[in-house]
Q: 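Here it is: the structure, laid out below.
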Amino acid sequence: HVQLVESGGGSGQTGGSLTLPCAASGYTYSSYCMAWFHQSPGKEREGIAAIGKDGVISYADSVKGRFTISKDNAEASLYLQMNSLKSGDTGVYYCAAYLAAGDCNSSQDNFAYWGQGTQVTVS
């Protein structure tokens with residue numbers, strides 16, 4: 001049973017930093033494409049960072065240079081380091097995963113497994 005559990009959400013100040021961990025279980029973690037998605041209030045969920053099984057990383061323009069995605073295969077954990085926070089970063093953050101045969105495609109339709117989400121509020 002695949003399970004993803006985010007934590008680390010909460011309140012942050014504009015210009016500040018937060019780190020979101022996502023604990024994974026129930027599958028061979030290292031074989032999966034992992035990603036973070038963000039849903040602002042009243043908007044659709046969008047992918048903001050993805051990391052493939054080979055470590056190739058991609059970012060949405062909105063977070064490039066500010067956020068860093070990383071994973072620890074030994075601990076089956078995914079992380080999102082969020083720096084230089086902006087009010088637009090407010091929303092629910094989800095980690096997601098799918099078994100990737102090749103490159104990681106960050107389109108959310110590809111992701112079979114989702115965490116419950118964690119709220120981040122930037123003020």
Side-chain angles (χ1 to χ4, degrees):
H1 177 64
V2 176
Q3 191 170 20
L4 300 172
V5 180
E6 305 96 336
S7 59
S11 298
Q13 293 187 333
T14 300
S17 298
L18 284 173
T19 300
L20 304 182
C22 172
S25 62
Y27 62 102
T28 306
Y29 178 78
S30 60
S31 299
Y32 279 63
C33 171
M34 307 289 297
W36 286 97
F37 288 79
H38 171 228
Q39 187 166 24
S40 298
K43 296 186 178 180
E44 293 187 356
R45 187 167 58 190
E46 62 174 359
I48 57 172
I51 183 167
K53 60 180 182 179
D54 53 1
V56 175
I57 291 172
S58 62
Y59 294 102
D61 289 342
S62 60
V63 305
K64 199 171 293 183
R66 300 189 300 121
F67 291 7
T68 302
I69 187 172
S70 62
K71 64 177 182 174
D72 185 327
N73 286 339
E75 295 188 359
S77 293
L78 181 73
Y79 300 94
L80 185 68
Q81 175 66 43
M82 307 165 64
N83 297 328
S84 302
L85 289 168
K86 303 177 180 179
S87 58
D89 297 325
T90 293
V92 181
Y93 286 77
Y94 300 88
C95 69
Y98 76 95
L99 183 61
D103 293 341
C104 187
N105 185 326
S106 57
S107 171
Q108 64 177 314
D109 291 341
N110 292 313
F111 288 82
Y113 307 105
W114 294 83
Q116 81 287 354
T118 187
Q119 174 71 42
V120 171
T121 302
V122 181
S123 59

Q: In the hydrophobic cluster built from side-chain contacts under 4.5 Å, what are the other members alongside F111?
A: F37, V92, Y94, Y98, W114

Q: Consider side chain to side chain contact (heavy atoms under 4.5 Å, CB included). Of L80, T118, L78, which one does C95 pass it with?
A: L78

Q: List the atom pairs, with distances to 0.1 Å, where a side-chain N or O of residues 45-54 and a protein N or O form a donor-acceptor pair under 3.5 Å, not counting sequence neighbours.
A:
{"from": "R45", "atom 1": "NE", "to": "Q108", "atom 2": "OE1", "distance (Å)": "3.0"}
{"from": "R45", "atom 1": "NH2", "to": "Q108", "atom 2": "OE1", "distance (Å)": "3.3"}
{"from": "K53", "atom 1": "NZ", "to": "A100", "atom 2": "O", "distance (Å)": "3.1"}
{"from": "K53", "atom 1": "NZ", "to": "A101", "atom 2": "O", "distance (Å)": "3.3"}
{"from": "D54", "atom 1": "OD1", "to": "V56", "atom 2": "N", "distance (Å)": "3.2"}

Q: Under the 3.5 angstrom rule, does the side chain of S77 hit a backbone N or O of E75 as a donor-acceptor pair?
A: yes

Q: List the residues meeting side-chain contact (heavy atoms from CB on, under 4.5 Å) with S17, not counting sequence neighbours, and say none if there are none.
A: Q81, N83

Q: According to the salt bridge (Lys or Arg N to Asp or Glu O under 4.0 Å) rule, which pairs have a member within residues 79-108, sequence neighbours left out?
A: R66-D89

Q: Checking S107 now: which residues fulfil side-chain contact (heavy atoms from CB on, under 4.5 Å) with it, not counting sequence neighbours?
A: N105, D109, N110

Q: May I have the step-by-step check of side chain to side chain contact (heavy atoms under 4.5 Å, CB included) for L18 and Y93, ending in yes or no?
A: CA-CA 12 Å; L18 284 173; Y93 286 77; over 6 Å; no

Q: What residue among V63, T68, T19, L20 forms side chain to side chain contact (heavy atoms under 4.5 Å, CB included) with M82?
A: L20

Q: Give the intermediate values and the outcome of side chain to side chain contact (heavy atoms under 4.5 Å, CB included) for residues V122 and L85.
A: CA-CA 7 Å; V122 181; L85 289 168; 3.9 Å; yes

Q: Y113 and L99: same hydrophobic cluster, using ILVMFWY side-chain contacts below 4.5 Å?
A: yes

Q: Roughly how far, to the nearest 0.5 Å, is the CG atom of L4 from the OG atom of S25?
A: 7.5 Å

Q: Look up atom CD in E6 and atom SG in C22, then write down how far apart they are to the nearest 0.5 Å.
A: 5.0 Å

Q: Quick one: does S123's side chain get under 4.5 Å of T14's, heavy atoms only?
A: no

Q: Take Y79 and I69, measure what side chain to side chain contact (heavy atoms under 4.5 Å, CB included) needs, and give me the verdict at the end.
A: CA-CA 6 Å; Y79 300 94; I69 187 172; over 6 Å; no

Q: Side chain of T121, backbone of S11: donor and acceptor closer than 3.5 Å?
A: no

Q: When rounded to the nearest 0.5 angstrom, what is the spacing between CE in M34 and OG in S106?
A: 14.0 Å

Q: For S40, what residues pass the side-chain contact (heavy atoms from CB on, under 4.5 Å) criterion, not counting sequence neighbours?
A: H38, K43

